[in-house]
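If you're wondering where the values come from, they're calculated on a predicted model, not measured in any experiment. Every chain is numbered from 1 and lettered A, B, ... according to where its sequence line falls, protein lines coming before strand lines.
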4 protein chains.
Amino acid sequence: MSSSFGTLFKISTFGESHCKAVGVVIDGCPPGLSLTAEDIQPQLNRRRPGQSALSTDRQEADQVIILSGTENGKTLGTPIALQVANKDHRPKDYGNMRDIPRPSHADYTYQMKYGIRASSGGGRSSARETIGTVASGAVAGKILREKFNIDIVAWVSSVGDISSNPVDSNTITRADVDSTTIRCPDHAAAAQMENLVAELKEIGDSVGGVVSCVIRNVPVGLGEPTFEKLEAKLAQAMLAIPATKGFEIGSGFAGTRLRGSQHNDPFTWKDSRLGTTTNNSGGIQGGISNGEPILLRIAFKPPATISLPQQTVDFTGEAAVLEAKGRHDPCVVPRAVPIVESMAALVIIDMLLQQEARKALQF
Amino acid sequence: MSSSFGTLFKISTFGESHCKAVGVVIDGCPPGLSLTAEDIQPQLNRRRPGQSALSTDRQEADQVIILSGTENGKTLGTPIALQVANKDHRPKDYGNMRDIPRPSHADYTYQMKYGIRASSGGGRSSARETIGTVASGAVAGKILREKFNIDIVAWVSSVGDISSNPVDSNTITRADVDSTTIRCPDHAAAAQMENLVAELKEIGDSVGGVVSCVIRNVPVGLGEPTFEKLEAKLAQAMLAIPATKGFEIGSGFAGTRLRGSQHNDPFTWKDSRLGTTTNNSGGIQGGISNGEPILLRIAFKPPATISLPQQTVDFTGEAAVLEAKGRHDPCVVPRAVPIVESMAALVIIDMLLQQEARKALQF
Amino acid sequence: MSSSFGTLFKISTFGESHCKAVGVVIDGCPPGLSLTAEDIQPQLNRRRPGQSALSTDRQEADQVIILSGTENGKTLGTPIALQVANKDHRPKDYGNMRDIPRPSHADYTYQMKYGIRASSGGGRSSARETIGTVASGAVAGKILREKFNIDIVAWVSSVGDISSNPVDSNTITRADVDSTTIRCPDHAAAAQMENLVAELKEIGDSVGGVVSCVIRNVPVGLGEPTFEKLEAKLAQAMLAIPATKGFEIGSGFAGTRLRGSQHNDPFTWKDSRLGTTTNNSGGIQGGISNGEPILLRIAFKPPATISLPQQTVDFTGEAAVLEAKGRHDPCVVPRAVPIVESMAALVIIDMLLQQEARKALQF
Amino acid sequence: MSSSFGTLFKISTFGESHCKAVGVVIDGCPPGLSLTAEDIQPQLNRRRPGQSALSTDRQEADQVIILSGTENGKTLGTPIALQVANKDHRPKDYGNMRDIPRPSHADYTYQMKYGIRASSGGGRSSARETIGTVASGAVAGKILREKFNIDIVAWVSSVGDISSNPVDSNTITRADVDSTTIRCPDHAAAAQMENLVAELKEIGDSVGGVVSCVIRNVPVGLGEPTFEKLEAKLAQAMLAIPATKGFEIGSGFAGTRLRGSQHNDPFTWKDSRLGTTTNNSGGIQGGISNGEPILLRIAFKPPATISLPQQTVDFTGEAAVLEAKGRHDPCVVPRAVPIVESMAALVIIDMLLQQEARKALQF
């Protein structure tokens, strides 16, 4: 009952893998914004499967159509409905997956929650659901960039045991990220990662990874204490992405090992406002942005659908061996990059709108 | 603008450090529940400062009063207002903290967001704000326990570099946790942690730590895909607690280093339903509880307020040295234990209500 | 920013007159419901223009498509996206309406609110927006009817000065209502109403009217005090329909002239529960349904777009005469009947879900 | 489950007749506002019972206390908790009302909905619940007046069959309204009304009435199409007040009898913007304020609790005669005046905040 997200910039996504279309309705997009499908398509292209040999072989065009909310290429302030057709509505052969719930997949929990499930299994837990998120996130991102100069860049910082060297979060660009297939800007690490993923694809296994994200030029003052602290909404947003298992802001878990005297970020004067000399806080203090770059890390588990045989039981409890058929990503992180950026944009724009409302009535 | 949390079991908290009272209104508590202050007080006692030599010396009685919503010790189904008086309304001497924002504290961001701030600095970022959370969480916890046999136990699993040995999440109790002052059930580790904290208190420094939490006996089917996946709401809830920097569900960040063939949790038959032989999923698949214990880890940074001198700048940008006066916790994790349990209870009860509504209308 | 409605059965509508499509996403529809376009189309047919000589001459097929949320004719519990294509995307010639805001229409307020407006003028104030409402209301209505035997019938009780004789709200059916073109079940009054509307169409004027509605077999206990009292949500729902100016529940304004001793509804025993011998309360007491039929009346103003010349000013304040071109309904009430029924269904199902959640956790 | 109201200026009210206190938490009040109890008390005084011989004899001081959210008389932007103590917590003798549900009162529906009810009967349907509404409405009203020059005046326009002569809604003040005990500014009509109420009090009967309300100087552009049209939220707000049965905006039900050519409000140039020469629209077009005064009428039924004997049945269905004991208002409209003003203020401020957020991000 909660395929919607946001208070003032509110999205409602829809669609499973094998229905006619997937998409999103954006309610609360500011009027007067120049907006055509071309503004949205690039992020969808970064998300879609079949971009490279590392991903599933499925080829999905995923062309977005704007159904409502614009006229003559400008937003009207009314709801914007975005839609991507599903190419093939007929559920493909999911083989014995109909009877045997995939381990660590949502087949079992969807069945138990709803008493019914889509033939593709996990229904809305399908990666295809994220099309609505990415399409609406592209709209939010455009507004943030054009109106506030806020930009958001995510990248792959580890795959399995292979970690990227540290990247400069002040300067990294989406072009840097896209310079490798795996979307890790450290080319040496990227090559290793790509080899590992290719190997696992070959043998039918999968692997996890970490996506990092920076949000730059966020004005001081965003975040709604207490329960919608900026990091709290970002955490919700990121854990709503399929396959995520962890979230860090700033120093994260590593910060728990430090002393306050090491961890505290001293203030200093930067241009026209206070800034900090270090950024263990990750750009947020007390749930409110402090003007420094916001730094996130998100953990993605290895995809559950693998073709290696798995000893498990079927829905009735009978022992069974599952060998998943079909085309599945051995590692989701490169395609997760635009999804992380999109969720970040959706959180930031909603917080911006709320803070602007407050500022207007401040005494 | 968001001191409220929950859709059907909705709380609204209020109060700063130096106003007349702090508290909470619970809207949506089921009727007919036996409820008196005695049901709520124990968790508040576990939260309050001054419990031990490890904590601040402030002594706060923190007696809760039920203002509304019950009669003859039973809930009426109407809003339950809970209140704890602030003992001393007069802001104490915050010394030069009025002019110098504490590094990594919310003094600066509150001032910038609201254009004004409480004399105690961070306003709602104060730990005192969590009284409303804990009081309402105690009510939610009682319902979960009595009606569904769900129980929730949190404990300290690390302080600084010192980690607890693994605990058995199937059997650990709050009594086990409270058997050490630091609230770590591993007595050997606890002794080391307590020594470290005592040392840091002496020198005026602070340290971070990790709180783990298990939620047992959760029925299969809780969690509202897509954006209110169970882990997403838990992540929001935990990151809304002051001083948190990270969240993990199940295998967390460590899981990113595994192969799918290692990470997947095979199904097996357990009593009357499917269960899993391992629990890397942490009790949630596809955003929906699968009946296994839900396992969380939450990172707390070292408290920002330390009495060691800090080189920083004042609000105008002038170089300054801050030596924070007053009584401050050198480590928040033992007092964070009941807060984590409370936020967990608030999430679970809300998801339970939503799932029960669905089940009632299912065809 | 609020094209969404409902807490647990949540709809998000989209679309203007001249975009590609209008529609709705339903989030929270119970799983397992048999649902095809045939369940939805009849109410859309009752809503669409061009049904009779009394209405605008526009012919719109308004065929609904289910984009998502069902498989093999059953709902999955996932979001249901419903869509109706706009036949002609090119805005027609709105002549001098581009420069002269129509008196009592939304041209002016939309322009001022959003700084831009659709070429058709009032954007989302267009009657075409109600397609999403009616489509989702048809789904809600089906659930209410099949699962709870709740039925909802609306009818035209007055047009201008012409009033229907009282109808028996316990027995009236949609077939009775549809037995006249104007949707008034009193055939004599209906004939007069139809004559009046035909006359006004001829001269290019318009007229208002009243729609009455009964909701039968509502279980005792629906409605969420305080701010979502059942009558409060119904009032919001009805006043959200374009062209409405008033709302009454039960005795309404006439009841203000009575004494308590006349107005009170004495209780009596009915089958298995208490009922009342009169129904001035209109089926609701203290914001909660009492099991008696819920009785509503909704006032619709005369449509603002008329072809008679109107002396007004243009957007710059220059005196101007407006003669609206195009095809416009001289009276909206017959087409408003299914819209009123739909909004009623959307309120009732949401309240049912909330009450079922409460009952499940009651002690 | 919905004692909260508002999106950005959100209130949560609590309290029954016989608990320790009633009150409200305001979440989202702008920071920097001068606010003390003196700003709130006057509207509570206008609401409280025992103001005159026309009302119940209960004397309630109803002194408001600000528990949180201000310091040194200024709002901090944090939640403001307001509380009024209940003088006498012990439920008084409700005599046979425990067994016999009062006709047209909420005793029966509360019992059925919650399976339990407060000893005073209708729980949150008690007029005492409105204290939280009026207290928070006073805060909202102060902001509207001081920041936007918006003012809101309600008055009694009829009691039973006695109607006030038309009042000039452009100039009427609260002082005019309070110049008669019944709060009708037409002194001749007021005298008649007061006589009628005194008579009914004598014999133990009650009577209904209508409250009118004007909201002046509302900026153009408030209201959130589609489902939160300004009139829709006002309708919800007003029907959430106990004892209300109807709502009209502008021409209301009378407008349904007019032709479009009579009803339309022609535009004209007023100072710096378009205005209208008539105001049948009641200040709202297409759900959005047009800058003209907003005009409302709200129907209040005769109070259900009367001391005249009533033939009814008890909870078990046995025939019974009820003679309500105690002190009850024979007519609620004079005390409803500040409640209507408060609900109006709460709606307007929330819409203002939402529109300001939009304006800030408009392209």
Closest-packed option against chain A by number of heavy-atom pairs under 4.5 Å, given B:Gly255, B:Gly286, B:Gly209: B:Gly209
message: Tell me whether A:Glu16 contacts the main-chain N or O of A:Ser126 through its side chain, where contact means a donor paired with an acceptor under 3.5 Å.
response: no
- request: Against chain B, label A:Met238 side chain, backbone, both or neither, depending on which of its atoms sit under 4.5 Å from a heavy atom there.
  value: neither
- prompt: Is it the backbone or the side chain of A:Asp205 that comes under 4.5 Å from a heavy atom of chain B, or both, or neither?
  reply: side chain
message: Taking side chain as everything from C-beta outward and backbone as N, CA, C, O, which of these in B:Ser289 sits under 4.5 Å from a heavy atom of chain A? Side chain, backbone, both or neither.
response: backbone
query: What part of A:Glu228 lies closer than 4.5 angstrom to a heavy atom of chain B: side chain, backbone, both or neither?
result: both
- prompt: Got a second to check how far B:Gln310's CD is from B:Ile100's CD1, nearest 0.5 Å?
  reply: 10.0 Å
message: Between A:Thr13 and A:Arg124, is there a side-chain donor-acceptor contact under 3.5 Å, judged purely by atom types and distance?
response: yes
- prompt: Is it the backbone or the side chain of B:Pro303 that comes under 4.5 Å from a heavy atom of chain A, or both, or neither?
  reply: backbone
message: Assess the residue pair A:Leu239 and B:Lys229 against the criterion (side chain to side chain contact (heavy atoms under 4.5 Å, CB included)); give the C-alpha distance rounded to whole Å, side-chain angles, the decisive distance to 0.1 Å, and a yes or no.
response: CA-CA 8 Å; A:Leu239 269 292; B:Lys229 288 192 172 86; over 6 Å; no
- line: Residue from B:Cys331, B:Ala320, B:Gly223 scoring the most non-hydrogen pairs under 4.5 Å with chain A is B:Gly223
query: When you check the gap from the basic side-chain N to the acidic O, do A:Lys113 and B:Glu224 get nearer than 4.0 Å?
result: yes
- prompt: Which answer fits A:Ile284, side chain, backbone, both or neither, if we ask what part of it has an atom under 4.5 Å from a heavy atom of chain B?
  reply: backbone
field: Working for side-chain hydrogen bond (donor to acceptor under 3.5 Å, both in side chains), residues B:Asp107 and B:Gln111
entry: CA-CA 6 Å; B:Asp107 299 338; B:Gln111 180 66 41; over 6 Å; no
- prompt: In terms of heavy-atom proximity below 4.5 Å to chain B, should A:Thr276 be classed as side chain, backbone, both, or neither?
  reply: neither
- prompt: Is chain A contacted by the side chain of B:Gln362, its backbone, both, or neither, given a heavy-atom distance below 4.5 Å?
  reply: side chain
- prompt: Is chain B contacted by the side chain of A:Leu222, its backbone, both, or neither, given a heavy-atom distance below 4.5 Å?
  reply: backbone
message: With heavy-atom distances below 4.5 Å as the criterion, would you say the side chains of A:Lys245 and B:Ile249 are in contact?
response: yes
query: Measuring heavy-atom distances to chain B, does A:Leu196 have an atom under 4.5 Å in its side chain, in its backbone, in both, or in neither?
result: side chain
field: Contacting region of B:Ile298 [heavy-atom separation from chain A under 4.5 Å]
entry: backbone
task: Could you tell me which portion of B:Leu274 (side chain, backbone, both or neither) has an atom closer than 4.5 angstrom to a non-hydrogen atom of chain A?
output: both
task: Could you check which of B:Phe5, B:Phe253, B:Tyr108, B:Phe247 has the highest count of heavy-atom pairs closer than 4.5 Å to chain A?
output: B:Phe253
task: Among the options B:Lys233, B:Arg273, B:Glu248, pick out the one with the most heavy-atom pairs lying under 4.5 Å from chain A.
output: B:Glu248
query: Where does A:Glu129 contact chain B at under 4.5 Å (heavy atoms): side chain, backbone, both or neither?
result: side chain
- line: Pair count under 4.5 Å, heavy atoms only, with chain A: among B:Ser104, B:Ala299, B:Pro103, highest is B:Ser104
message: Please evaluate residues A:Glu199 and A:Ile203 with respect to the criterion side chain to side chain contact (heavy atoms under 4.5 Å, CB included), reporting the C-alpha separation (whole Å), side-chain torsions for both, the decisive distance (0.1 Å), and the verdict.
response: CA-CA 7 Å; A:Glu199 230 170 79; A:Ile203 62 173; over 6 Å; no
- line: chain A shares the most heavy-atom pairs under 4.5 Å, among B:Thr277, B:Val210, B:Asp314, B:Asn264, with B:Asn264
